[in-house]
Amino acid sequence: MSHQATFLGNFREAANLARSARMGTETAGSALALAHFYAMEARALARLGDAAECDRAMSAAVSQFERRNPGSDPAEWFGYFNEAELAAELGHCNRELGRAVDASTYASQSLGPSPSGYVRSEFFATMVLADAYLDQGDAEQACEVALGALQIGEQLKSARCGAYVDEFKQRLARLGNSRAVADFIEQAAHTRLWRPQDARTVPSRAGLPRS
């Protein structure tokens, strides 16, 4: 619910929901769950622009994650929250706080040798990395990364994926015209997520992995 509230723009509600989840389960003994709840709170706080409280929540998320115990955490339904997922959350937060270098560092970690293994998560982290490069003024690298994300997105049907692409478009527009941007737009125009009318349609290919 917190994650959905953040997507819908209800950031204060999202932070409160994440805190409620954390406070209601602190005695359950799952450091992994607490790490995730702190990360969700940090995402909402980053969207609110509350850097100090977001930093506090991010630090707590890392501390709890380091305390995780695979033997006692509810891995059967929560095991997906691994190192790559945590790095992606930290990348999101730093992007929202305008810390482009930190955002690119964490997003790169998320996509490193041990990625999350989830197509949607890899798409989101790749888009965060592209945004971070744009915010650093590196249009060529940003467009290369974004094109890779759009290719991943051919497998996905998600309004949230479309929203990430829309944010990238807004950042890209602020850079003005360049050869790298023009070449990227020409290639991106052939992808589903770049075309608003196709962004939420079900992919027609059979046998695509679930997201």
Side-chain angles (χ1 to χ4, degrees), residues 3-4 6-9 11 43 46-47 49 83-211:
H3 203 167
Q4 184 67 7
T6 294
F7 174 61
L8 294 174
F11 306 130
R43 281 280 292 274
R47 284 289 196 173
E83 289 89 347
E85 291 284 343
L86 177 61
E89 296 298 340
L90 299 178
H92 277 84
C93 291
N94 280 282
R95 179 193 63 173
E96 299 306 330
L97 294 174
R99 302 167 180 169
V101 174
D102 289 339
S104 60
T105 297
Y106 284 118
S108 296
Q109 288 177 6
S110 178
L111 297 165
S114 300
S116 70
Y118 298 94
V119 176
R120 273 168 50 96
S121 295
E122 290 178 20
F123 170 83
F124 295 144
T126 305
M127 288 304 303
V128 168
L129 181 59
D131 287 342
Y133 282 136
L134 274 188
D135 290 347
Q136 294 174 63
D138 191 342
E140 185 172 351
Q141 186 74 5
C143 289
E144 180 180 343
V145 171
L147 190 60
L150 291 170
Q151 291 166 352
I152 295 172
E154 294 295 286
Q155 308 175 44
L156 301 171
K157 180 182 84 80
S158 168
R160 190 171 292 156
C161 292
Y164 276 65
V165 175
D166 289 343
E167 287 194 39
F168 181 80
K169 287 180 178 180
Q170 293 169 14
R171 282 177 161 84
L172 193 65
R174 292 197 289 267
L175 286 184
N177 295 323
S178 70
R179 171 54 60 185
V181 172
D183 288 345
F184 164 76
I185 292 176
E186 181 178 354
Q187 296 177 75
H190 300 288
T191 65
R192 289 176 50 258
L193 288 175
W194 194 257
R195 301 187 299 265
Q197 67 273 21
D198 296 339
R200 295 168 180 81
T201 58
V202 180
S204 60
R205 302 172 188 170
L208 289 175
R210 297 177 64 186
S211 61

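We number each residue from 1, following the sequence as shown.
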Please name the pair of heavy atoms, one in Leu193 and one in Gly153, separated by the smallest distance, quoted to 0.1 Å. CD1-CA, 3.6 Å
For the CZ atom of Arg160 and the CZ atom of Phe124, what is their distance to the nearest 0.5 Å? 5.5 Å
Which value, rounded to the nearest 0.5 Å, describes the distance between Glu144 atom CD and Asp138 atom CG? 9.5 Å
For Ala139 and Leu175, which heavy atoms make the closest approach, and how far apart are they? CB-CD1, 3.7 Å
Can you find a pair of side-chain heavy atoms, one from Ile185 and one from Leu172, that are under 4.5 Å apart? yes
Hey, does Ser110 have a side-chain heavy atom less than 4.5 Å from the side chain of Glu85? no
Check: Arg174 side chain, Asp135 main-chain N or O, donor-acceptor pair, under 3.5 Å: no
Atom of Arg192, atom of Leu156 and distance for their closest heavy-atom approach: NH1-O, 2.9 Å
Shortest non-hydrogen separation from Ala132 to Ala103 and the atoms involved: CB-CB, 3.9 Å
Going from CG on Leu147 to CD on Gln187, what distance comes out if it is rounded to the nearest 0.5 angstrom? 5.0 Å
Atom CZ of Arg171 and atom CE of Met127: how far apart are they, to the nearest 0.5 Å? 9.0 Å
Under a 3.5 Å distance rule, please check whether Glu89 uses its side chain to pair with a backbone N or O of Arg43 as donor and acceptor. no
Work out which heavy atom in Phe168 is nearest to a heavy atom in Leu134; give both atom names and the distance. CE1-CD1, 3.3 Å
Return the CD to CG distance between Glu140 and Asp183, rounded to the nearest 0.5 Å. 9.5 Å
In terms of heavy-atom contacts, Gln136 and Ser104 come closest through NE2-OG, 3.2 Å
Is a side-chain donor-acceptor pair under 3.5 Å present for Arg120 with Ser158? yes
Taking the six-membered ring of Tyr164, is NZ or CZ of Arg95 closer than 6.0 Å to its centre and within 45° of its axis? yes
To the nearest 0.5 Å, how far apart are CH2 in Trp194 and CZ in Phe184? 4.0 Å
